[in-house]
There are 4 protein chains.
Amino acid sequence: MREEARATILDAAEQVLAEQGLASTRMEDIAARVGVSVGTLYNYFEDRQALLQALLDAQGQELLARIDAELERSQGAPYRTRLPGLLRAILEHVQTHFGLFSLLQREDVRRSASTGEDLARHQHLWSEASQRLEQLGQEGIAQGELRPEDARHYPTLLLGMMQSTLSRQVLERQPLPIEEQLGVLLRCFLEGARPRSG
Amino acid sequence: MREEARATILDAAEQVLAEQGLASTRMEDIAARVGVSVGTLYNYFEDRQALLQALLDAQGQELLARIDAELERSQGAPYRTRLPGLLRAILEHVQTHFGLFSLLQREDVRRSASTGEDLARHQHLWSEASQRLEQLGQEGIAQGELRPEDARHYPTLLLGMMQSTLSRQVLERQPLPIEEQLGVLLRCFLEGARPRSG
Amino acid sequence: MREEARATILDAAEQVLAEQGLASTRMEDIAARVGVSVGTLYNYFEDRQALLQALLDAQGQELLARIDAELERSQGAPYRTRLPGLLRAILEHVQTHFGLFSLLQREDVRRSASTGEDLARHQHLWSEASQRLEQLGQEGIAQGELRPEDARHYPTLLLGMMQSTLSRQVLERQPLPIEEQLGVLLRCFLEGARPRSG
Amino acid sequence: MREEARATILDAAEQVLAEQGLASTRMEDIAARVGVSVGTLYNYFEDRQALLQALLDAQGQELLARIDAELERSQGAPYRTRLPGLLRAILEHVQTHFGLFSLLQREDVRRSASTGEDLARHQHLWSEASQRLEQLGQEGIAQGELRPEDARHYPTLLLGMMQSTLSRQVLERQPLPIEEQLGVLLRCFLEGARPRSG
DNA sequence: CATGAATGAGTATTCATTCAT
DNA sequence: GATGAATGAATACTCATTCAT
């Protein structure tokens, strides 16, 4: 199966990339991890760039699929219930693929592309995810759970808080249980840092 | 002046880096931007790594200096006044050096260091900035302006929101006036997204 | 065959080295001589230093092997017969690889090694060869053919005389038949320059 | 004084050369040793090659002068007395400048010269020294102290024995007193290694 | 004359990519 | 389809040399 082989390669690529970083990951490293020779990589991907791109695309698709699945699952539930579910889904995905998630926001991928195609894809993923969050946000507003004022910034802010939280864990090598992260995020996002009187 | 020359080089390096990205910035590009030959770069910096490191260090120092200056200026003022000032200082700096700011969170810098020294420096900058934010946060708590519960996460969350906001502007090529960003950040951070009744 | 390829490269390297000298032999020169591209050299040797080292090692091994073979062959024969055989073996080898032989006594190789490992190997080769000569010398003493007094200097002196003889031939571009060299060496070493009366 | 400055530079050059080797001695190293700037070096020597050449020439001249002085001093004395004096003079000189002496036999110097001029000078020094030894040898023959048969090889052999003796001392880091070296050399050269009966 | 910052040609080394087997 | 040796363009870095001060 062609697709199976591609997936195997992408898995290996993600591992190596997470371990060695973008710049120091050589095609041979990936091949070695898969257990094949470099030539084989080129039978499945046009070139290095295409492989990386495919990896990012795959990750993006997986994340979106996960988001959609969660939204599907919780359909009809109230915003207060759906938001935590969605955030947990994202947190879990991003934590699993943290190495790549960092890469997603990195410029190399953008820059190293001769065309601006990569940038477009990245933008696309980001905006797709934002859209889902925003849609849910509309529900929140409709249910009186969110201030409508800053609505269009909520996705960005939420994603930013998630990322910095995860980054900090990596830097300090102190992983936090997902539930705790979730609690902090929800409290701060929904209630704000200022005490609510009464 | 040796220091002057170093600064000139670092300026050029920042420009080129922001334009071309870490991976595709060659020493010759930087030299060309300064208007000197490669050899000259090596008269001022041990090697490529040292130059990049010096650049990051300089940026870090500048940011911390700016933060400290602002804190100094607003000393004694109430938290509600000081926080916006501090955030504005950070926003302005980061916006000015956005290209590099992205770099700061990129792994290449971490990975390419054999010793892991870079990681340490990055950690250090990050934690220094966080410390300042946290100290101010303590004031906020003391003045009853902040919930003490999630205090240790506030710096991380604030920095994360700032970064994602800036990232989005870059991706969408729609710069936001600083005052507006500030407004969104303060409202969301302090008041939260959920409407405050009454 | 990996070993075959390595040997081919080493052969080419020796030629180029002998023609151009250590300092002006570029990796590309060697590659060109072999008829491959530079990259290929690096498929077989870690780096320039490793290639040179391998070359010296190979030469050393070959010389020692030749010495041992000759000693083996002449085993049991009287000293007066064995010495000429041994010297001829050495002379032939050194004459064949004269370019490299000069290199062996050159400092670059020593100095360029960060670890001093090269020095050790050179010492080792030199002392291995000396040992064989010394052992044979012991036979000579036992058979009453050598004064025991300066025994420990004989190997050094013999090797020195051989080298200077060969050097002179190179400088003056007047090669001497091996048999003649052998004659001079044996007469001078054994009988001395002062006439033996009677 | 122009000549004085040149001499100072050459002294420094010899030191650095002996310490670091030909390949790793940079013009700046020499300048630093003298305590001047690189530019100054170029005020006294055309280029690096010229400086090195001047150094070798100076050494050669010094050695020849020393030999001539010794020959002058011992003029009229019997061969048996003059030879040790001459050898001692050479040994002392070579031991003093051992670093350079090694260099003298190295090919880099020859090869790195675009013209074959260096080779010529080296040949010249070598042959000048040999001539002196040979002349003395003629006396030895005339006085019945030397076999005439191998006369033209004596200088080469003597110089070779001296060099290998010195090399060995360097390699083994066990300096030998000059008198002892002299003894070994004279005995072996004059008497040979084979016992003289009766 | 001395200085030493600037120069830039020259080289070792890497690694994505190809293609004959 | 898999292989992996060969390729060679690309790049960091060095250091002899120059020349304005």
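This one's a predicted model, so the numbers in the text were calculated from it and none came from an experiment. Labels below follow one simple rule: chain letters A, B, ... track the order of the sequence lines, proteins then strands, and each chain is numbered from 1.
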Next item on the list: Quick one: the dot-bracket string of DNA chain E, using Watson-Crick and G-U wobble pairs with both distances under 3.5 Å, [ ] for crossing pairs and | for bases paired to another strand.
Entry: .||||||||||||||||||||

Item checked: B:M1 CE - E:dA5 P separation (whole Å) -> 11 Å

Item checked: Under 4.0 angstrom between C:N43 side-chain N/O and F:dA5 OP1 or OP2 -> no

Note to self: Measuring from atom CG of B:L52 to atom CZ of B:F45, what distance do you get when rounded to the nearest 0.5 angstrom?
What the structure shows: 9.5 Å

Note to self: Could you measure the distance from the CG atom of D:L51 to the CG atom of D:L10? Nearest 0.5 Å is fine.
What the structure shows: 6.0 Å

Notebook entry, point to check: Does any pair with a residue in residues 4-15 of chain B pass side-chain hydrogen bond (donor to acceptor under 3.5 Å, both in side chains), and if so which ones, sequence neighbours excluded?
Noted result: B:E14-B:Q59, B:E14-B:H97, B:Q15-B:R33

Note to self: Could you work out, with side chain to side chain contact (heavy atoms under 4.5 Å, CB included) as the rule, every residue matching B:A31, not counting sequence neighbours?
What the structure shows: B:V36, B:V38, B:L41

Notebook entry, point to check: Can you pull the salt bridge (charged side-chain N to carboxylate O under 4.0 Å, His left out) pairs that have at least one residue in residues 40-55 of chain C, sequence neighbours excluded?
Noted result: none

Margin query: Looking at every heavy atom in both D:V34 and D:A12, which two are closest together, and how far apart are they?
Written below: CG2-CB, 3.4 Å

Note to self: Below 4.0 angstrom, which residues in residues 4-16 of chain A have at least one non-hydrogen atom near DNA chain E?
What the structure shows: none

Check: Taking CG from B:L41 and P from E:dG8, how many angstroms apart are they, rounded to a whole number?
Finding: 13 Å

Next item on the list: May I ask you to evaluate whether C:Y44 reaches the phosphate of F:dA5, defined as a side-chain N or O under 4.0 Å from OP1 or OP2?
Entry: no

Next item on the list: May I have the distance from A:I30 (atom CD1) to F:dG4 (atom P), rounded to whole angstrom?
Entry: 17 Å

Check: Whole-Å distance between F:dT14 P and B:F45 CZ?
Finding: 15 Å

Next item on the list: Applying salt bridge (Lys or Arg N to Asp or Glu O under 4.0 Å), name anything that partners B:E62, two or more places apart in sequence or on another chain.
Entry: none

Check: Going from OG on D:S24 to CD on D:E19, what distance comes out if it is rounded to the nearest 0.5 angstrom?
Finding: 11.0 Å

Next item on the list: List the protein contact pattern of nucleotides 8-13 of chain F with one symbol per nucleotide (5' to 3'): B for base contact, S for sugar-phosphate-only contact, - for none; contact means a heavy-atom distance under 4.0 Å.
Entry: B--SSB

Notebook entry, point to check: With sequence neighbours left out, what residues match D:R26 under salt bridge (Lys or Arg N to Asp or Glu O under 4.0 Å)?
Noted result: D:D29

Check: What is the distance from atom OG of C:S37 to atom CE of C:M27, rounded to the nearest 0.5 Å?
Finding: 11.0 Å

Checklist line | From C:I30 atom CD1 to C:T25 atom OG1, the distance as rounded to the nearest 0.5 Å | finding: 6.0 Å

